[in-house]
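Here is the naming used below: chain letters follow the sequence lines, and residue numbers restart at 1 for every chain. Keep in mind the model is a prediction, meaning the values are calculated, not measured.
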Amino acid sequence: MNELRETVALALEKAFNGLKTKDEIIQLLEKPPAQEMGDLSLPCFSLAKELKNSPQQIAGDLKEKIKSIKGIESIECKGPYLNFFFETKDYAKKAIESALKEKEKFGLNNELKNKKIMVEFLSPNTNKPLHLGHLRNMSLGESISRIYEASGAKVFRTQIINDRGAHICKSMLAYMNWGKGKTPEKAKKKSDHFIGEFYVMFSEKAKENSMLEIEAQQLLLKWENKDPKVRKLWKQMNSWALKGFKETTKRFDVKFDKEYFESDIYLKGKELIQEGLKKKIFTEQNGAIYIDLEKYNLPNKVVVRADGSSLYITQDIFLAKQKFEDFNLDESIYVVGSEQALYFQQLIQTLELMQYPWAKNMYHLSYGMVYLPDGKMKSREGTVVDADDLMDEIHKMALIEIKKRDKKISKNEAKKRAEIIALSAIKFYLLKVDAVKDIHFNPEESISFEGETGPYIQYTYARAKSILSKAIKPKKIDYSALSLPKEKELSSILNSFQDAVADSMNHKTPHKLCHYLLELSNSFNSYYHEVSVLKAEEKEKNARLALTEAVTITIHNGLKLLGIKTLEKM
RNA sequence: GGGCUCAUAGCGUAGUCUGGACAGCGCAACUGGCUUCUAACCAGUAGGUCGAGGGUUCGAAUCCCUCUGAGCCCGCCA
């Protein structure tokens with residue numbers, strides 16, 4: 001692709017008689033919007049002024065001057081555009097050979113070679129189970145991690161467990177009052193759901209009894225004073241919550257390299273702020289310490305309370321530094337919802353004023369809210385789409401579809417497939433939209449298996465695999481047997497896979513990769529209907545088998561970067 | 001009051017950074033295609049003042065300005 005771009009540019013440089021250099025021409029060349037317009041195009045508008053001629057005329061003159069270019073099948077003028085058509089043979093050869101040779105490495109790049117990057121995501125509170133918003137967060141965090149790895153980076157996945165504070169004490173208090181010593185095992189509940197019920201219970205009872213809020217504050221004090229009884233219960237309840245989270249993240253195929261606990265670090269950071277106070281980075285006012293951010297058009301931020309106690313940002317300052325020191329990072333990414341955008345601006349600006357050189361390498365990967373038909377999800381009111389319930393629900397839907405298609409399938413196999421399909425549907429649904437956009441989730445309509453979905457892409461893969469399983473792998477491939485427009489289109493899409501991966505990495509958004517995979521799948525499915533691979537003449541059959549295999553490799557690699565698994569059969 | 005973000009067919013969206021050829025795609029509607037490599041598919045019809053107005057440009061969904069609407073945030077909460 002790039003070689004052809006060069007040869008075309010070189011030929012044009014000649015035709016221009018040195019008026020434009022090769023590099024200037026490369027900048028001008030672009031990919032036409034549609035297949036029938038060719039593979040590369042030179043728009044002649046910008047040349048009109050210098051050459052004092054109409055763009056149409058310039059395109060026509062250039063066409064006359066260029067006889068033939070190696071690897072270019074034909075050159076056409078279409079109005080002000082000069083269009084180049086590549087020879088399918090070489091084009092297809094390049095795409096297919098790279099894919100078959102590089103296999104699971106096809107599409108990867110080295111842009112971030114030797115870079116160490118941390119991605120912080122999920123970061124739950126231990127007083128309630130995970131919900132749909134967490135699933136969006138995890139899908140994004142995991143996918144971005146994989147895309148960075150595909151660009152050669154060493155990625156450290158991390159999360160900060162928010163395991164202390166007033167909200168945690170609320171579920172503890174509810175358990176002390178009404179838990180009757182029950183355990184998740186006895187109640188036959190998933191352990192984090194068990195905890196969540198007490199959090200909801202607290203909110204309900206607190207509406208009628210305002211004393212409960214005060215009691216919760218008192219409980220927090222006891223916790224801070226390390227009251228053994230309180231600490232024991234806290235440990236017990238947190239272990240239940242964490243056990244439940246682990247089950248959910250495992251099911252979602254997410255693992256962390258490092259977990260930071262708020263309870264371990266919430267007192268840290270004060271020394272750093274004291275140092276900063278001496279250097280006059282911070283200011284004291286009425287006992288509290290704050291940072292002046294007015295110059296940066298941001299509200300000022302208190303970093304230590306008047307009573308000397310820490311705030312969330314106190315420990316975040318510490319943790320940001322800790323991360324860079326623990327892992328010698330080149331970049332630190334925080335996958336956190338858009339409602340915290342201002343907070344992160346303040347945090348990063350503060351660290352820059354503290355003169356940490358790495359502060360500029362922090363990035364808040366912000367994503368939009370997830371809404372339900374009746375508004376924002378609120379854990380304390382129980383109006384959420386629970387992560388586990390949603391997975392179960394979609395799993396059941398997938399199971400029904402599988403049994404429709406395969407009546408003899410074993411229970412175990414059906415279950416395995418349903419799980420992979422369900423997760424694919426959920427993840428793709430959450431990833432295919434640009435991260436900045438809010439999602440309005442409608443349980444009845446949102447997640448489907450048809451159209452622009454994960455299962456659609458998995459299905460394309462399974463069909464292609466099914467063809468491959470019915471044929472012997474060809475030894476020699478004659479690429480000139482690939483001459484159909486669809487074959488050229490598919491080759492072109494395969495050739496741009498690496499760009500799609502790099503694009504998703506550079507923009508920190510997997511949705512571009514989702515749309516790439518939809519385009520590839522659509523093209524292959526259309527090809528599938530147009531021609532038969534297995535019934536073709538030997539020469540065509542072999543070439544088409546190779547093309548089909550290249551498609552499977554690309555889909556497999558692409559889905560993997562989204563955290564989605566492929567299936568040989570569907 | 002201020003800041004950030006978003007606005008593209010009935011609904012959901014891509015394209016906006018980096019201006020370019022009739023604004024793509026999915027769902028829903030309608031039509032056609034399974035004794036033919038898996039119909040979770042494919043092909044087609046219909047559906048668009050790209051929120052409004054101005055500007056820059058040979059050319060604007062894309063860049064600039066103004067306005068409107070929606071969401072989020074502006075705490076010594078997290």
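Per the geometry, CG belonging to Asn442(A) stands 12 Å off C1' belonging to rC27(B), to the nearest Å.
The residue Ala48(A) sits apart from the nucleic acid: no heavy atom pair falls under 4.0 Å. As judged by a 4.0 angstrom heavy-atom cut-off over every strand, Asn83(A) is placed among the base-contacting residues. Contact annotation for Glu36(A): no contact, since no heavy-atom pair falls under 4.0 Å across all strands. Among the protein residues, Pro32(A) comes within range of the nucleic acid bases, having at least one heavy atom under 4.0 Å from a base atom. Nucleic acid contact for Lys535(A): sugar-phosphate only, since backbone atoms but no base atoms lie under 4.0 Å from a heavy atom of the residue. Note on Ala462(A): a base of the nucleic acid sits closer than 4.0 angstrom, heavy atoms only. Using a 4.0 Å heavy-atom cutoff across all strands shown, Ile421(A) reaches at least one base atom of the nucleic acid. Tyr290(A) comes within 4.0 angstrom of nothing in the nucleic acid, heavy atoms only. Here Glu262(A) lies in heavy-atom contact (under 4.0 Å) with sugar-phosphate atoms only. In this structure, Tyr456(A) reaches the sugar-phosphate backbone alone: every heavy-atom distance under 4.0 Å involves primed, P, OP1 or OP2 atoms, never a base. Base engagement by Ser41(A) is indicated by at least one non-hydrogen atom pair under 4.0 Å involving a base atom. Contact annotation for Gln285(A): base contact, defined as any heavy-atom pair under 4.0 Å involving a base atom. Ile160(A) comes within 4.0 angstrom of nothing in the nucleic acid, heavy atoms only. If you check every strand for non-hydrogen atoms under 4.0 Å, Glu519(A) touches nothing.
rG10(B) and rC30(B) have their C1' atoms separated by 15 Å, with the value rounded to a whole Å. Of the C1' atoms belonging to rC77(B) and rU16(B), the separation is 37 Å, rounded to the nearest Å. When the P atom is used for both rA39(B) and rC6(B), the distance is 41 Å, rounded to whole Å. Nucleotides rC65(B) and rC11(B) are separated by 33 Å at their C1' atoms, to the nearest Å. The same atom, C1', is picked in rA61(B) and in rU18(B); the two are 15 Å apart, to the nearest Å. Separating the P atom of rU45(B) from that of rG51(B) is a span of 26 Å, rounded to the nearest Å.
No side-chain donor-acceptor contact under 3.5 Å links Asp406(A) to the backbone of Ile402(A). A distance-only check finds a donor-acceptor pair linking the side chain of Ser139(A) to the backbone of Leu135(A) [under 3.5 Å].
Between His134(A) and His131(A), the ring planes lie tilted relative to each other; the angle falls in the 30° to 60° range.
The side chain of Met570(A) has rU38(B) as its nearest neighbour among rU38(B), rC42(B), rC72(B). In this structure, of rU38(B), rA21(B), rC41(B), it is rA21(B) that holds the atom nearest to the side chain of Pro33(A). Closest to the side chain of Tyr459(A), out of rA40(B), rG20(B), rC76(B), is rA40(B). Of all nucleotides listed (rU38(B), rA78(B), rU16(B)), rU38(B) comes nearest to the side chain of Arg463(A). Here the nucleotide nearest the side chain of Val433(A), chosen from rC37(B), rA14(B), rC6(B), is rA14(B).
Base pairing analysis places rU18(B) opposite nothing; no Watson-Crick or G-U wobble pair with both distances below 3.5 Å involves it. In this structure rA78(B) sits in no base pair that meets the Watson-Crick or G-U test at under 3.5 Å. Remark: rU36(B) base-pairs with no nucleotide in the shown strands. Criterion, Watson-Crick or G-U wobble with two distances under 3.5 Å. Nucleotide rC6(B) is matched to rG69(B) when pairs are restricted to Watson-Crick or G-U wobble geometry with both distances under 3.5 angstrom. Across all strands shown, rU57(B) forms no Watson-Crick or G-U wobble pair with both key distances under 3.5 Å. Checking rG12(B) for Watson-Crick or G-U wobble geometry (two distances, each under 3.5 Å) identifies rC25(B) as its partner. Using the Watson-Crick or G-U wobble rule with both distances under 3.5 Å, rU31(B) pairs with rA43(B).
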Please list, for nucleotides 43-47 of chain B, all pairs of protein and nucleotide N/O atoms separated by less than 3.5 Å.
none

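Of the listed residues (Glu487(A), Lys31(A), Gln35(A)), just one forms a side-chain hydrogen bond (donor to acceptor under 3.5 Å, both in side chains) with Ser492(A), and that residue is Lys31(A). Among Lys473(A), Arg544(A), Lys465(A), the single residue meeting the salt bridge (charged side-chain N to carboxylate O under 4.0 Å, His left out) criterion with Glu549(A) is Lys473(A).
Here Arg305(A) does not reach the OP1 or OP2 of rG75(B): none of its side-chain N or O atoms lies under 4.0 Å away. One finds no side-chain N or O of Lys465(A) lying less than 4.0 angstrom from the OP1 or OP2 phosphate oxygen of rC37(B). At the phosphate of rG75(B), neither OP1 nor OP2 sits under 4.0 Å from any side-chain N or O atom of Lys301(A). Side-chain nitrogen and oxygen atoms of Tyr312(A) include none within less than 4.0 Å of the OP1 or OP2 phosphate oxygen of rA78(B). A close approach under 4.0 Å does not occur between any side-chain nitrogen or oxygen of Arg405(A) and OP1 or OP2 of rU38(B). Phosphate contact (OP1/OP2 of rC37(B), side-chain N/O of Lys541(A), threshold under 4.0 Å): absent. Between His511(A) and rG15(B) there is a side-chain polar atom (N or O) within less than 4.0 angstrom of OP1 or OP2. Between Arg164(A) and rA78(B), a side-chain N or O to OP1/OP2 separation shorter than 4.0 Å is absent.
Stacking is found between Phe45(A) and the pyrimidine-like six-membered ring of the rG20(B) base under the 5.5 Å centre-distance and 30° plane-angle cut-offs.
Ring pair Phe318(A)/Tyr266(A): centre-to-centre distance not below 6.0 Å. A centroid separation of 6.0 Å or more is found between the aromatic rings of Tyr334(A) and Tyr363(A).
Side-chain atoms of Thr126(A) and Asp163(A) include no donor-acceptor pair closer than 3.5 Å.
In this structure, Leu277(A) CG and Glu271(A) CD are separated by 13.5 Å, a value rounded to the nearest 0.5 Å.
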Subject >> Derivation of the ring pair (Phe, Tyr, Trp, His ring centres under 6.0 Å) call for Tyr516(A) and Phe497(A) >> reply: CA-CA 8 Å; Tyr516(A) 171 84; Phe497(A) 179 49; 5.4 Å; yes
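Considering only heavy atoms from C-beta on, Phe261(A) stays 4.5 Å or farther from Arg164(A) through its side chain.
In terms of position on RNA chain B, the residue among Gln315(A) and His507(A) whose nearest nucleotide sits closer to the 5' end is His507(A). The nearest heavy atom of RNA chain B to Lys432(A) and to Leu518(A) marks one nucleotide each, and the one closer to the 5' end goes with Lys432(A).
Using a 4.0 Å cut-off between charged side-chain N and carboxylate O, Glu413(A) and Lys569(A) make no salt bridge.
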